[in-house]
2 protein chains.
Amino acid sequence: MITIYDVAKKAGVSPSTVSRVLNKHDNVREETKKRVEQACRELNYVPNANASSLRKKNTKTLALIVPEIKNPFFTSILEGFEGRTGKSGYITLICNTNENSKKEKDFIKTIIAKRIDGVAISTVSKSSSHLQAVINRDIPVVLLDRDIDDLDVDVVCGDSYQGAVDLVNHLIGLGHRRIAIITGPVHLSTSRERVEGYKQALNNANISIDNNLIKIDKKSEGFSSKRAYEMAKELLELPELPSAIFVGNNFMAIKVYQALIEENLKVPDDIAIVCFDDLNFMYEIEPFFTTMRQPAFTMGKMAAEILVNKIEGKYENNKQKVKLQPELVIRKSCGAYKNNVGRKGCREE
Amino acid sequence: MITIYDVAKKAGVSPSTVSRVLNKHDNVREETKKRVEQACRELNYVPNANASSLRKKNTKTLALIVPEIKNPFFTSILEGFEGRTGKSGYITLICNTNENSKKEKDFIKTIIAKRIDGVAISTVSKSSSHLQAVINRDIPVVLLDRDIDDLDVDVVCGDSYQGAVDLVNHLIGLGHRRIAIITGPVHLSTSRERVEGYKQALNNANISIDNNLIKIDKKSEGFSSKRAYEMAKELLELPELPSAIFVGNNFMAIKVYQALIEENLKVPDDIAIVCFDDLNFMYEIEPFFTTMRQPAFTMGKMAAEILVNKIEGKYENNKQKVKLQPELVIRKSCGAYKNNVGRKGCREE
DNA sequence: GAAAAATATGAAACCGATTTTACAATTATT
DNA sequence: AATAATTGTAAAATCGGTTTCATATTTTTC
């Protein structure tokens, strides 16, 4: 393997001079620079990033930890993230935890070991000690999508509480009174806040809360569409069915929908479904689920922006808590496809 | 930052002994080992992977370069890949090129610089010199999904030619004679072979080839659904419409479908659509496109298997060319939903 | 034209691990 | 008990860059 010494020898200079040329330091004579660059080209020299990182104490690499890379919500986040970090010359280490906290902790270990420059994470974990360990090592961390209270870090997430209120309000506005919720475990801030918003909206409308209609996944670590399916089936065994179901996220909604179909229930005629997050590509042609769409791309971009700025020391030490507003997208699954267009904050698809 | 020297000092041993303990070398007294481990724990020591890589000349990291991470076909590949490599202690650097050869080349540069241990790639590039550069550096490379003729490497891909023949045969079997094709640029082996299979199937059935019905994207570097939409619109301006369209991949099919809908054409009644690759999650409940499904997960897994074995020196130097057979999945978009079940190699969904 | 300042470059130290070499301590062999 | 073999550990070299420090050379200043 060609090293900087080989280049130096070929160009008739010292390794330090080669390094200076490579890192665009000043005080290198134009003619020397040309010679070095020539030698680099002739030898196909590619500097060893590990050696460079060791000395420079940076890796020009950021980690993005997501719970489910298959979910378009997270690929949109990724797009926004990579778009921004790429511009500053960072590459992204995408870590897909599959909603598994063990995997998340393993990734964190790797990230620390590799001396990654910064981490954006949508966590699945109940505890935050592994993240605290990252912070303790002065590696910038941004919580993305999912917040953790007891951690003093920057946060970029959607307003799940308000989104849930609005979504349930929409159902109430359509005449629904018996509204169920199926969502993930409440140690995830998104899930927890959606439950809170759900309850708040019912309270506001003087609809009493029926605990039979609240299905919160207590078995999984993260959002699980498999569990959503099971919880939907449980719900359908009730003597009195709900007229609408608010589902915690897009993938869970698909499985809830499947459960309903299997029981010969029509959506939205028999039961309406609304959920959080979009399914993107599929719904470009056949939009179906009425959903609270979060600005995923922007979320990723903002997280990246914060990380890059923190790394490059452009920020003070104060922490940012960005809360982005989701947008109600009315489609067919709530039975209100044409009825509601024009209402404040709503758009038709 | 805690280094191996801090640990050594705390444990009252030399750095070399700490290293031996960490790397599970023998010839360390049990009692010494305990002391070192204790010191590591107390100091929260995490070895610097860059330093380790520099010396050991490996990174325990593999790159997977995909053209479109949003496409479920590639996330399935990813799943298979990571599942296998994770077992051997490798982590995956996912590189999403977005069908952009410039990005691909940049990733390759980074991969070389970071001294990644191996690369699996689904390339978008016409030329192969950047990949040759990887090979020249003795970094194992596996071509995934898309083959390149003039490169002497291992390959794992699907049988696009045979798949296309079967898919078009299916259409012919349903009575279609005027069959169009919309696909990506032919410098991609998958696209090229699908065109070849298409032509072959028509030839076999004595159907003359009408070049007006062949829409091959010449403007893009990779599969582009935007272009698929445009090409579909072009097709629909023909005086005589096709009765069926064979689309190069899943995402293109969505856009072709959209184009048809916009022209008030019903699928499959007015025009049938078939394509390659599946859309997974959405189609678990509402399968629509009749498709040639490739074993994406297996493809990823096999690529990983080959890479790991090559790195660990378990293979001879002979190159493997794995060609996996796709499976015809008959659904609604070809208008043959119930008609064909039971035919050889077909399954209903 | 001499002194001061600026520019250009090389030698050596350094980043933090691993590995080789050397040697001391222990155990086995005769 | 003397010697050989084995085991356990430390010192030093190494991986391939970057950076500091020192120095030679050139340019500027008066």
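Below, read A as the first sequence line, B as the second, and so on, with proteins coming before strands; counting in each chain starts at 1.
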Decide yes or no for A:Asn44 and A:Ile2: does some side-chain heavy atom of the first lie under 4.5 Å from some side-chain heavy atom of the second? no
Do the side chains of B:Asp145 and B:Phe74 get nearer than 4.5 Å, heavy atoms only? yes
In short, B:Thr59 meets B:Ile116 closest at the heavy-atom pair OG1-CA, 3.5 Å
Can you tell which of [options] lies closest to the side chain of [X]?
X	options	value
A:Arg29	C:dA8, D:dT19, D:dG8	C:dA8
A:Ser16	D:dT9, C:dT9, C:dA11	C:dA11
A:Asn27	C:dG16, C:dA8, D:dG17	C:dA8
A:Ser52	D:dG17, C:dA11, C:dG16	D:dG17

Any salt bridge linking B:Asp106 with B:Lys102? Criterion: basic side-chain nitrogen under 4.0 Å from a carboxylate oxygen. yes
Using a strict cut-off of less than 4.0 Å between a Lys/Arg side-chain nitrogen and an Asp/Glu carboxylate oxygen, indicate whether A:Arg146 and A:Glu99 qualify as a salt bridge. yes
Rounded to whole Å, please give me the gap between [atom1] in [X] and [atom2] in [N].
X	N	atom1	atom2	answer
A:Arg55	D:dT19	CZ	C1'	5 Å
B:Glu30	D:dT9	CD	C1'	16 Å
A:Asn23	C:dC15	CG	P	18 Å
A:Lys57	C:dA17	NZ	C1'	12 Å
B:Lys114	D:dG16	NZ	C1'	16 Å
A:Arg115	C:dC15	CZ	P	13 Å
B:His25	C:dT20	NE2	P	9 Å
A:Met1	D:dG17	CE	C1'	14 Å

Report which part of the nucleic acid [X] touches: base, sugar-phosphate, or nothing (heavy-atom distance under 4.0 Å, all strands).
X	answer
B:Thr32	sugar-phosphate
B:Val18	nothing
B:Ser19	base

Under-4.0 Å side-chain N/O to phosphate OP1/OP2 contact, B:Thr17 with D:dA10: yes
Would one find a side-chain N or O of A:Ser14 under 4.0 angstrom from OP1 or OP2 of C:dG10? yes
Under the salt bridge (Lys or Arg N to Asp or Glu O under 4.0 Å) test against A:Glu31, which residue among A:Lys34, A:Arg35, A:Lys33 passes? A:Arg35
First encountered from the 5' end of DNA chain D, between B:Tyr5 and B:Glu31: B:Glu31
Walking DNA chain D from its 5' end, the first of B:Leu54 and B:Arg20 to be reached, judged by nearest nucleotide, is B:Arg20
Can you confirm whether more than 12 heavy atoms, excluding those of A:Lys9, are under 6.0 Å from its NZ atom? no
Using heavy atoms to find the nearest nucleotide of DNA chain C for A:Lys33 and B:Thr3 separately, return the residue whose nucleotide is more 5′. A:Lys33
Rounded to the nearest 0.5 Å, what separation is found between the CG atom of A:Asn23 and the NZ atom of A:Lys56? 4.0 Å
Please list each protein N or O that sits under 3.5 Å from an N or O in nucleotides 26-29 of chain D, with the distance.
none

